[in-house]
Amino acid sequence: MFNLLKLDIRRLVRTKSFYIILGATAALIVLMAGMISAVTDSEKLDALKNTGMVVTNGSSEEFQEELWGMTRLDFTHKCIANGFLLLLTGIGVTLFVHSDFSSGYIKNICFAHPRRWEYVLSKLLLTGVYSGILTAMGVLLSLVSALLFGIRLEASPIAEILQYTFWLWLPNWAFGLLGLALVLLTRSATLGIILAVVSGSGLTAVFLQNLCQRFGWHNLAQYLLSMVAGYQCIPMPNGDQIVMILCCSLGWAAVYAAGSLFAMEKRDI
């Protein structure tokens, strides 16, 4: 299994889609930090308005007040906990696993390693590596972008930043397994990409939340990974939030892992 993981990691660093996902992550974070810098500077904000851009919900002074007293960790959370890391992780894992089928790689691997559960477990670990790289990169770029654009923020201890990164990584890992399960079930990247976009952006959570409110049900949307990443991973989670993160991340990971194992054992390759 670990030999398969090493082989997958070597393939990953040579895959174009991996660097496209990294580039998209970097571009979104830098763009977001640049926009925050622009709307909190009166001269930049006026320049944007002169180009025809419509800026609503306040002036530069009001935006500055929102940033007043904000720590680097708070800023990081606002930048990357909005679902796009989930979205990019899901798409990235989907494309990488689908390439196993489109290239014929999986046939060679399963011929050499007939026990298909080893293949699935190696992909589970690879998803953890993939999501970990994206999460760490997102946190680091958010911190660097704030300095790059001169956004004044209060310092945050390194220990808190590392802890936040870990708790944000768990739901990202679990969400990446959704793409793995769908590819192994359908042998197609289309459904995985669609669900990554819909669920990662929070549309599924909003729909389920409205449905629960409409019929007076318990708020089931809070257990979705997009909600866990956005609202439970507030920079320093308390005990209840930690339990929620662990239960939801491990629970969904178990569901997707079981689905992946079932799909590989019950279907020809």
Original post:
Got a sec, which hydrophobics cluster with I158, joining ILVMFWY side chains under 4.5 Å apart, including via others?
Top reply: L162

Original post:
Which heavy-atom pair separates G200 from S226 by the least distance, and what is that distance?
Top reply: O-CB, 4.4 Å

Per-pair distances, 0.1 Å, donor-acceptor, side chain in residues 128-137, under 3.5 Å, sequence neighbours excluded:
unit_1, atom_1, unit_2, atom_2, d
S131, OG, T127, O, 2.9
S131, OG, G128, O, 3.1
S131, OG, W169, NE1, 3.1
T135, OG1, S131, O, 2.7
T135, OG1, N172, ND2, 2.9

Original post:
Distance-only, no hydrogens or angles: does the S249 side chain make a donor-acceptor pair with backbone N or O of A174 under 3.5 Å?
Top reply: no

Subject >> Residues clustering with L203 (ILVMFWY side chains joined when closer than 4.5 Å, directly or via others) >> reply: I194, V198

Original post:
Is it true that F262 and W252 fall in one hydrophobic cluster, defined by side-chain heavy atoms closer than 4.5 Å?
Top reply: no

**OP:** Mind checking side chain to side chain contact (heavy atoms under 4.5 Å, CB included) for L246 and listing every partner two or more places apart, or none if nothing turns up?
**Re:** W167, L170, I242

Subject >> Atom of M227, atom of A205 and distance for their closest heavy-atom approach >> reply: CG-CB, 3.6 Å

Original post:
By the rule that ILVMFWY residues connect when side-chain heavy atoms come within less than 4.5 angstrom, directly or transitively, which residues belong alongside L250?
Top reply: none

**OP:** Only counting residues at least two apart or in another chain, list the ones meeting side chain to side chain contact (heavy atoms under 4.5 Å, CB included) with S260.
**Re:** V120, L180, A181, L184

**OP:** Write down the atom of T94, the atom of A189, and the distance for their closest heavy-atom approach.
**Re:** CG2-O, 3.5 Å

Subject >> Donor-acceptor contact present, side-chain R116 to main-chain E265, <3.5 Å >> reply: no

**OP:** Hey, could you give me each pair passing ring-ring contact (aromatic ring centres under 6.0 Å, His included) that has a residue in residues 190-228? Not counting sequence neighbours.
**Re:** F215-W217, H218-Y223

Subject >> Option among V183, I91, L126 that satisfies the side chain to side chain contact (heavy atoms under 4.5 Å, CB included) test with F96 >> reply: L126

Subject >> Hydrophobic cluster (4.5 angstrom, side-chain heavy atoms) - remaining members for V144 >> reply: L140

**OP:** Return the set of residues passing side chain to side chain contact (heavy atoms under 4.5 Å, CB included) with N210 (not counting sequence neighbours), or none when no residue passes.
**Re:** V206, Q213

Subject >> Closest heavy-atom pair and its distance - M264, I106 >> reply: CE-CD1, 3.9 Å

**OP:** Sequence neighbours left out, what pairs pass salt bridge (charged side-chain N to carboxylate O under 4.0 Å, His left out) with at least one residue falling in residues 81-108?
**Re:** R11-D100, D100-K123

Original post:
Which residues pass the side chain to side chain contact (heavy atoms under 4.5 Å, CB included) test with L28, sequence neighbours left out?
Top reply: F84, L88

Original post:
Distance from R10 atom CZ to L5 atom CG, nearest 0.5 Å?
Top reply: 10.0 Å

Original post:
Looking only at heavy atoms, what is the nearest atom pair of L220 and C212, with distance?
Top reply: N-SG, 3.7 Å

Subject >> Value rounded to 0.5 Å, distance of CG in D8 from OG in S122 >> reply: 5.0 Å

Original post:
According to a 4.5 Å side-chain heavy-atom criterion applied to Ile, Leu, Val, Met, Phe, Trp and Tyr, with indirect links allowed, do L261 and L4 form part of one hydrophobic cluster?
Top reply: yes

Subject >> salt bridge (charged side-chain N to carboxylate O under 4.0 Å, His left out) partners of residues 204-215, not counting sequence neighbours, each pair once >> reply: none

